[in-house]
Amino acid sequence: MKIFLDTADVGEIRRAADAGLIDGVTTNPSLMMKFGQGREPNDVFLEICGAVDGPVSAEVVAVEKDIMIEEGKRLASIHDNIVVKVPLTEDGLRACRALRAEGIRVNVTLCFSVSQALLAAKAGATYISPFVGRVDDISGEGMQLISQIRQTYDNYDLETEILTASIRHPLHAVEAMLIGSDCATMPPKVLYQLLKHPLTDIGLANFLEDWSKLGKEI
Ligand code: E4P
């Protein structure tokens, strides 16, 4: 499963990319507001693209198809790594189709149902982003949505990649792997929670203590 970092924090992106832990980055307008204050958005996107060798999702902010297409083209011209993110509305799907016809990769975001995911695939989406955490927030079962989309895409050999989004804790990521989500995007905190294991820490402390008793160097 490809792992994307869900942030516009360039420091965190460099930290994860330099360790080889991530395959790309996703941003959204809220993350840009949080981490890109006082800067030109294009400069932030360019810096992110320089920090990670993989797809970087940058979201349009128009709601009307033609303006979305213009914004999408502008975003795509920033760097080859840019994937244009459009919302899962009728205009968004029309913009998706038009951008794909120009060879621009598109991530269709704000997906909350399997029917929406099917329609995004028909519009040629490169990635579909179902938001599991936000489904859980309203007492739904976010991961069930991922299973349903996986089954539907497999039933009909649809090539759109499932990008599990709105991941809030490690179990979301682990379940996404087991279901066969193509990608998952997560905040840095969840990435490092996936890495940590208390038995690793305890085991390492024991090994180091025993080695120190040897009184030797390597
Ligand atoms: C996905 O691309 C979004 O940026 C993100 O995963 C949304 O997560 P949130 O629901 O925690 O805001």
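In what follows, every heavy atom counts, from backbone to side chain, and hydrogens, waters and symmetry copies are set aside. Start at 1 and go down the list; that is how both ligands and their atoms are numbered.
Between Thr89 and Val63, every side-chain heavy-atom pair lies at or beyond the 4.5 Å cut-off. The shortest side-chain heavy-atom distance between Leu194 and Val174 falls under the 4.5 Å cut-off. Counting only heavy atoms from C-beta outward, the side chains of Arg168 and Val190 never approach each other to under 4.5 Å.
In terms of polar-atom proximity, Thr185 is not counted as a contact of ligand 1, lacking any N or O under 3.5 Å from an N or O of the ligand. On a distance-only criterion, Asn28 and ligand 1 share at least one N/O pair closer than 3.5 Å.
Looking only at protein heavy atoms, the nearest one to atom 7 (C) of ligand 1 is Phe131 CE2, 3.6 Å. Looking only at heavy atoms of the protein, atom 8 (O) of ligand 1 is closest to Ser166 CA, 3.3 Å. Here the heavy atom of the protein found nearest to atom 11 (O) of ligand 1 is Arg168 NE, 3.1 Å. For atom 2 (O) of ligand 1, the nearest non-hydrogen atom of the protein is Lys85 NZ, 2.6 Å. Nearest protein heavy-atom neighbour of atom 5 (C) of ligand 1: Asp6 OD2, 2.8 Å. Considering only non-hydrogen protein atoms, atom 12 (O) of ligand 1 sits nearest to Arg134 NH2, 2.8 Å.
The number of heavy atoms from other shown groups lying within 6.0 Å of CZ (Arg97) does not exceed 12.
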